[in-house]
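Single-structure report; data block below.
Both ligands and their constituent atoms are indexed starting at 1 by order of listing. In what follows, residues are counted from 1 in the order of the sequence shown. Bear in mind that the values here come from a model prediction, so they are computed numbers and not experimental data.
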Amino acid sequence: MKKIVLSALVLASLYTPNVTAQSNDIPHLEKRDNHFAMIVDGKPFLILGAQINNSSSWPSTLPAAWSAAESLHVNTVEAPVYWEQIEPTKGTFDFANVDLLVNQAREHQLRLVLLWFGTWKNGQNHYVPEWIKSDPKTYPREITAYGKLLDVMSPNSQANLDADKHAFAALMRHLKSIDADRHTVIMIQVENESGSVGSVRDFSLAAQKSFDSGVPGDLVRSLHLRSGTWAHAFGPDADESFAAYYTAHYIGEVAAAGKAEYALPMYCNVWFAYPVHALENRDRPSPGQEYPSGGPQQANIPIWKVAAPAIDILAPDFYSEDSSLFHQIVATYARPDNPLFIPETRQDVHFGPNFFYALGHGAIGFSPFGIDRSAQATQPADQVAAPPAAARVASPADNYALFNGPGPQIAQLNLEGKLQSAVEEKGAARQSIHLPAADAIVSFGFPQSDGAQPPGTPTLQGRVIVAQLGPLEFLVAGFDASVSFTLPASELQKTPNQQLEILRAEEGKYVDGAWQTTRILNGDQTDRGLNFRSTAPPLVRIRLHKLPLYDEQVRRNAQ
Ligand code: DGJ
C-alpha cells in the first residue's frame with residue numbers, strides 16, 4: 001500500500017489571481033467594488049513593509065538595514081531618497097545612492113517603496129539642497145503672520161514648485177531607465193508628512209495676494225462651496241484650508257511631473273491631527289503647532305482629493321497607543337477613493353492587533369518605522385515602548401512570518417472583499433465575525449475552560465483574520481485566540497437542529513500560490529475551535545458542511 005505523505009500533498013490554489021495584467025506591467029493599484037490591491041508583476045501583492053531610519057539610505061548604513069528587514073520577514077523596504085544628495089548643485093544629478101538601494105534590494109530579493117524627501121519632511125524643508133536653503137530670495141520660505149521666515153518652503157511659489165518638479169521628474173526618469181523591466185521599486189511616497197510647522201499658512205505678500213483673490217473655481221465646484229472668500233467658505237478653518245489647497249496642488253503637480261516620466265503609484269504620508277488634550281472650550285486643534293498645517297490630515301482629505309489628483313493614496317502614519325483612535329483613523333482613510341495603507345507605525349505591543357485590524361479593513365500594506373535602529377541613542381523617542389514583562393507579545397517578525405507566504409492570496413482576498421478580522425478589545429474577549437453562510441466565533445486568550453468566558457490576554461493581543469474561500473471554506477490565522485464556526489443565529493432560530501460539521505481542517509502554507517498541507521488537524525486541535533497561540537501559530541484552511549437534517553418521515557418509511 002502506498003504511504004500517504006501528507007507533507008507532499010499539494011493542492012492547487014483556489015485563488016489564481018484573476019487579473020488580466022501582464023507580468024511586465026508597471027506596478028499599479030487595482031480597484032474592484034471599492035476594494036483595492038497593489039498589483040506587482042501581474043499579481044496581487046500585500047506590502048509587508050518596514051521603513052529604515054531617516055539617515056540610513058547610505059552605503060555605510062544599508063547593510064544593517066537589509067539584515068533588519070530580513071529578520072522581520074518583510075517583502076518591501078521603505079527607504080528615503082534625499083533631494084540634497086541627488087541634486088547637490090542645481091541641475092546636476094547623482095543617483096549613486098538610488099542605484100545602490102535598487103541593486104542591494106534586488107540582492108536581498110526585496111521590493112522598495114522610495115520616499116521622496118523633497119520640499120517637505122515632517123512639515124519642514126530640511127532636505128532641500130543647500131543651493132535652495134541659501135537662496136530664500138529665489139526660493140521663498142513661508143512667512144509667519146508676525147513676519148518670521150520659517151524653515152518651510154512656501155507652497156505658493158512657482159520657483160519652489162519648478163525646482164522640486166524638475167528634481168523629482170529626473171528621479172522618476174532615472175528609475176524608469178534602471179527598473180522598468182524589474183519592478184524592484186513598486187511605489188513612491190511624494191514628500192514626507194507635508195504641511196507647515198510654525199504657521200497655519202504662508203503670510204508672505206505673494207501668498208496673501210492669492211488668499212485675497214478667493215477660493216479657486218475647481219475647489220468651489222467640486223466641494224459645492226459658496227464661492228467667495230476663504231473665510232466665507234471655510235469659516236475658522238480658512239487659513240488651514242488655503243494652506244491645504246496650495247500644498248496639495250504643489251505636491252499633486254510634483255507627482256504628475258514624476259508620473260509623466262514613470263507612472264508608479266504615488267502616495268503622501270500623513271501626520272494627522274491627534275485628539276487635542278486641552279481645557280474644555282479650548283479644544284480646537286492648532287494647525288502649524290500640533291501638526292503640520294495644510295497636510296492631508298483628516299479634515300483636509302476632501303481638499304487634497306480635488307487639488308492633488310495624481311496622488312493615489314493619502315496614507316496615515318500611526319504613532320498612538322490608542323487602539324480606538326487607530327480604528328477611527330482606519331475608518332477615515334479607508335475610502336472608496338483612497339486605498340488603506342499604513343506607511344509608518346511603532347513596533348510595539350499594538351503592532352500585531354493594528355496590523356490585523358488594518359488587514360480586515362482592506363489594507364494594501366503596513367510598515368513599522370525605524371527598523372534599523374542600532375542603539376537606543378538613535379531611536380526616535382516615540383518608538384520606545386516596553387510590553388509588560390509577563391506577556392509574550394508577538395513581534396512584527398512573527399506577524400509578517402505568518403503572511404509572507406500567503407501575501408498574494410491575502411491581497412487577492414482583500415481585493416474581492418472576502419477578508420475580515422477581529423481584534424481583542426477590553427471587555428470583549430469573545431467576538432463574532434459574520435460571514436455570508438456562517439459566523440466565526442472568536443475567543444481570545446488561554447486557557448479556555450468549558451462553560452467559562454475566555455480569559456482574554458493581559459495586553460489585548462488576541463487577533464484573527466478569517467477569509468472566505470468557498471461558501472463554507474475559510475482561511476484562518478491569528479494569535480492568542482480560538483476560532484470555531486456556527487450557523488448564523490437567524491438560521492438556527494428557524495431550524496434549531498441544523499448543524500455545521502468540520503469536513504477537514506488543514507494546517508499548511510502557500511508556496512508560489514499553491515496550498516501545501518502540512519498536517520490535518522483534528523481532536524484537541526479542533527474540538528474546541530482552531531487554536532492559535534502566541535508562538536508560531538499555524539495557517540489553517542477549514543472546510544465545513546451543513547449536516548443534513550434528521551427526517552423522521554424518511555426513517556419511518558424505510559422501516
Ligand atoms: C514620522 C516621519 O514621517 C518619519 O520620517 C520620522 O521622522 C518619524 N516620524 C520619527 O518617529
Side-chain angles (χ1 to χ4, degrees), residues 47 49-58 61-62 64-65 68-69 72 74 76-85 97 101 112-128 151-153 187-198 247 251 254-255 266-274 287-298 300 304 311 313-322 325-326 329 333 341-351 354 365-386 396:
I47 301 174
Q51 187 167 143
I52 63 177
N53 277 304
N54 289 165
S55 304
S56 295
S57 286
W58 290 97
T61 35
L62 276 176
L72 287 185
V74 311
T76 305
V77 165
E78 297 176 358
V81 173
Y82 318 113
W83 190 0
E84 64 179 351
Q85 185 269 318
N97 282 18
L101 273 168
L112 284 173
V113 169
L114 293 183
L115 320 173
W116 173 234
F117 284 10
T119 299
W120 283 277
K121 166 70 174 75
N122 297 17
Q124 292 167 317
N125 69 352
H126 297 179
Y127 284 83
V128 302
D151 52 353
V152 181
M153 306 307 293
M187 186 154 68
I188 304 289
Q189 178 186 294
V190 191
E191 315 294 346
N192 190 89
E193 292 189 344
S194 63
S196 156
V197 165
T247 306
I251 294 175
V254 171
M266 297 199 181
Y267 75 94
C268 289
N269 65 330
V270 187
W271 178 338
F272 63 80
Y274 285 78
Q289 304 301 324
E290 283 152 3
Y291 63 90
S293 180
Q297 58 101 338
Q298 303 91 311
N300 291 336
W304 270 74
I311 295 297
I313 310 177
L314 303 176
D317 294 340
F318 193 80
Y319 283 101
S320 163
E321 295 189 344
D322 181 347
L325 178 62
F326 185 69
I329 288 296
Y333 285 89
F341 177 49
I342 308 295
E344 288 183 35
T345 195
R346 305 193 323 188
Q347 307 178 55
D348 64 5
V349 68
H350 305 285
F351 180 92
N354 287 351
F366 206 77
S367 173
F369 174 82
I371 53 150
D372 55 323
R373 57 191 186 222
S374 45
Q376 203 70 8
T378 62
Q379 191 171 339
D382 60 3
Q383 296 286 304
V384 189

(Q) Tell me whether the rings of Trp116 and Trp83 are parallel (<30°), tilted (30 to 60°) or perpendicular (>60°). (A) tilted
(Q) I need the contact type for Tyr319 against ligand 1. Using non-hydrogen atoms and a strict under-4.0 Å cut-off, is it side chain, backbone, both or neither? (A) side chain
Q. So Phe366 and Phe326, would you call those rings parallel, tilted or perpendicular, with 30° and 60° as cut-offs?
A. perpendicular
Q) Any idea which atoms of ligand 1 are less than 4.0 Å away from a heavy-atom of Glu193? A) 1 (C), 2 (C), 3 (O)
Q) Given the rule in the side-chain contact (heavy atoms from CB on, under 4.5 Å) test, do Ile251 and Ile311 qualify, once you have shown the distances and angles that lead to the verdict? A) CA-CA 8 Å; Ile251 294 175; Ile311 295 297; 4.1 Å; yes
Q. Should you measure from each heavy atom of Asn269, which atoms of ligand 1 turn up under 4.0 Å away?
A. 3 (O)
Q: Go through the steps for Lys121 and Asn54 under the test side-chain contact (heavy atoms from CB on, under 4.5 Å), then give the verdict.
A: CA-CA 10 Å; Lys121 166 70 174 75; Asn54 289 165; 3.0 Å; yes
Q. Taking only heavy atoms of Asp317, which atoms of ligand 1 are found under 4.0 Å from at least one of them?
A. 3 (O)
Q: Could you pull out, from Gln189, Gln51, Glu344, Glu78, the option with a heavy atom nearest to atom 4 (C) of ligand 1?
A: Glu344
Q) Should the pair Tyr319 and Phe369 be assigned to parallel (<30°), tilted (30 to 60°) or perpendicular (>60°) ring geometry? A) perpendicular
